[in-house]
Q: 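The structure under discussion is supplied below as structure tokens; questions concerning it will follow.
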Number of protein chains: 2
Amino acid sequence: MVRRTSLEGARCPVARALDVIGDWWSLLIIRDVFDGLRRFSELHESLGAARGILSARLRRLVEQGVLELVPASDGSAYKEYALTPKGQGLFLVIVSLRQWGEDFLYAPDEPRSGLVDAKTGEPVARLKLRTKNGRPLDWDNTLVKMPAE
Amino acid sequence: MVRRTSLEGARCPVARALDVIGDWWSLLIIRDVFDGLRRFSELHESLGAARGILSARLRRLVEQGVLELVPASDGSAYKEYALTPKGQGLFLVIVSLRQWGEDFLYAPDEPRSGLVDAKTGEPVARLKLRTKNGRPLDWDNTLVKMPAE
DNA sequence: TCAAACTGGTTCTATCTTAGAACTAGAGGC
DNA sequence: GCCTCTAGTTCTAAGATAGAACCAGTTTGA
């Protein structure tokens, strides 16, 4: 880790989250696992990260309970990486990053990939902020309420 | 930057997004700006980042069009940082990180902050994945469709 | 008015991380 | 059994960060 100041005990959930998956490679690893890559060598080839770094990141993600090592699905004696429920919970983080990237980081006419319903091919809708009652909300109409303490 | 391999031209929007805001400090800076902090000294105090690092990150975020320098709102000759539309687009990324952090990074009885409607105090709902038609969807029923090329 | 303090940085060095290559132990294939 | 593949570990050079020191322009206040 480069940031020597750990955010582990921070009051802010965003800071805590970034302390776990806010480094250079973790979210890309997790994206690849969501995309079906499981084995060390697959991840190494896909990401191009140095093996030492990849190894350290995977170990940390396992320690943090985001990934777990399970027996390889091809029946060999090797292991592969799988998302825990905690790791699966990161899907919307990936989706929000994807949607932002599609909106602001592509030339207007540049071809781009898109997330679709695997069964019907129907595109996934843009994520939307709503109140618990389902009323749409903009960011400038929100505020963070601190615990009563 | 630590990652020497730039992801700028990557085909994947997640990779492009992380190339812009995937470093150690950028998302925390943006979170603070969403929370109303604007001035260099406010951000420095809130984040505890070294001044040199904070300065470099802010400059990069301005270059990337995520933040912009505007005249300070107190009428002084100083400037302050504000979110551009591109920066405002990151709100759902912050919200998804916040919700994940609240779900998985807090002890069950630990007090936590929450995002609410500023006008009514009504809590913000969990983000939910849906198809364009509004049908709820789980992560394991999605796939990434590549452009026709 | 003019010195002191504040703002918003820049620059410096020691320390830590990363990239990339070389090396290794165990599993599989022939 | 021998060679290759898998999944790492270890090594070094190069690059990034933390924290302190420094500095120019702005504001305060006696």
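Naming convention: chains lettered A, B, ... in sequence-line order (proteins, then strands); numbering from 1 in each chain.
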Q: Go through residues 62-75 of chain A and report each residue with a non-hydrogen atom lying under 4.0 Å from DNA chain C, sorted by number.
A: none
Q: Would you kindly give the CH2-to-C1' distance between Trp25(B) and dG19(D), to the nearest whole Å?
A: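 Spelled out: CH2 on Trp25(B) to C1' on dG19(D) is 12 Å.
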Q: Under 4.0 Å between a side-chain N or O of Arg39(B) and OP1 or OP2 of dT7(C)?
A: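 The answer is no; no side-chain N or O of Arg39(B) sits under 4.0 Å from OP1 or OP2.
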Q: Could you tell me which residues satisfy side-chain contact (heavy atoms from CB on, under 4.5 Å) with Pro85(A), sequence neighbours excluded, listed by chain and number?
A: none
Q: Testing the basics here: between Val20(A) and Arg60(A), what is the closest heavy-atom pair and its distance to 0.1 Å?
A: O-NH1, 3.5 Å
Q: If I take atom CG in residue Leu43(A) and atom P in nucleotide dG8(D), what distance separates them, rounded to the nearest angstrom?
A: 10 Å
Q: Tell me which nucleotide among dA18(D), dT7(C), dT10(C) gets nearest to the side chain of Ile53(B).
A: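 Of dA18(D), dT7(C), dT10(C), dA18(D) is nearest to the side chain of Ile53(B).
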Q: Closest nucleotide of DNA chain C for Ser76(A) versus for Glu80(B): which of these residues is on the 5' side?
A: Glu80(B)
Q: Identify which nucleotide among dA27(C), dA19(C), dT17(D) has an atom closest to any side-chain atom of Ala77(A), counting heavy atoms from C-beta outward.
A: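 Output: dA27(C).
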Q: Mapping Ala50(A) and Arg51(B) to their closest nucleotides on DNA chain C, which lands nearer the 5' end?
A: Arg51(B)
Q: Given side chain to side chain contact (heavy atoms under 4.5 Å, CB included), test Tyr106(A) with Arg16(B) step by step and report yes or no.
A: CA-CA 9 Å; Tyr106(A) 278 73; Arg16(B) 286 198 193 184; 3.6 Å; yes
Q: How many whole angstroms separate atom CZ of Phe40(B) from atom P of dT27(D)?
A: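 After rounding, the gap between these two atoms is 18 Å.
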Q: After noting the C-alpha distance and the side-chain angles of Leu18(A) and Arg31(B), does the key distance pass the side chain to side chain contact (heavy atoms under 4.5 Å, CB included) rule?
A: CA-CA 11 Å; Leu18(A) 290 174; Arg31(B) 174 205 62 177; over 6 Å; no
Q: Please report, rounded to the nearest Å, how far the C1' atom of dA7(D) is from the NE2 atom of His44(A).
A: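 About 10 Å, once rounded to whole Å.
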Q: Using the salt bridge (charged side-chain N to carboxylate O under 4.0 Å, His left out) rule, collect all pairs that involve residues 37-46 of chain A, keeping only residues at least two apart or in two chains.
A: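 For residues 37-46 of chain A, and leaving out neighbouring residues, the salt bridge (charged side-chain N to carboxylate O under 4.0 Å, His left out) pairs sorted by first residue read Arg39(A)-Asp74(A).
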Q: Would you mind telling me which of dA19(C), dT10(C), dT9(D) lies closest to the side-chain atoms of Arg59(A)?
A: dT9(D)
Q: Go through the structure and list residues passing side-chain contact (heavy atoms from CB on, under 4.5 Å) with Thr120(B), not counting sequence neighbours.
A: Arg135(A), Asp117(B), Glu122(B)
Q: Could you name each residue pair satisfying ring pair (Phe, Tyr, Trp, His ring centres under 6.0 Å) that touches residues 32-64 of chain B, not counting sequence neighbours?
A: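 As it turns out, the ring pair (Phe, Tyr, Trp, His ring centres under 6.0 Å) pairs with a partner in residues 32-64 of chain B, which skip direct neighbours, are Trp139(A)-Phe34(B), Phe34(B)-Phe91(B).
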Q: Measure from CG on Leu28(B) to P on dA18(D) and round the result to the nearest Å.
A: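 Rounded to whole Å, this separation is 12 Å.
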Q: Determine the minimum heavy-atom distance between Gln99(B) and Ala125(B), stating which atoms define it.
A: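 The answer is NE2-O, 3.1 Å.
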Q: Provide, to the nearest angstrom, the distance between the CZ atom belonging to Arg38(B) and the P atom belonging to dG8(C).
A: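 Distance, rounded to whole Å: 14 Å.
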Q: Could I get a table of every N or O pair under 3.5 Å where one atom is in the protein and the other is in nucleotides 24-26 of chain C?
A:
| residue | atom | partner | partner atom | Å |
| --- | --- | --- | --- | --- |
| dG26(C) | N2 | Tyr78(A) | OH | 3.2 |

Q: With a 4.5 Å cut-off on side-chain heavy atoms, are Asp19(A) and Leu105(B) touching?
A: no
Q: Let me know the distance between CG of Leu54(A) and P of dA7(D), rounded to the nearest Å.
A: 11 Å
Q: For Ile29(B) and Leu54(B), run side chain to side chain contact (heavy atoms under 4.5 Å, CB included): C-alpha distance rounded to whole Å, both residues' side-chain angles, the deciding distance at 0.1 Å, then the answer.
A: CA-CA 9 Å; Ile29(B) 293 171; Leu54(B) 181 57; 3.8 Å; yes
Q: Between C1' on dG9(C) and OH on Tyr81(B), what's the gap in Å once rounded to a whole number?
A: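 Value for this atom pair: 8 Å.
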Q: Does Ser41(B) have a side-chain nitrogen or oxygen under 4.0 Å from the phosphate oxygens OP1 or OP2 of dG8(C)?
A: yes
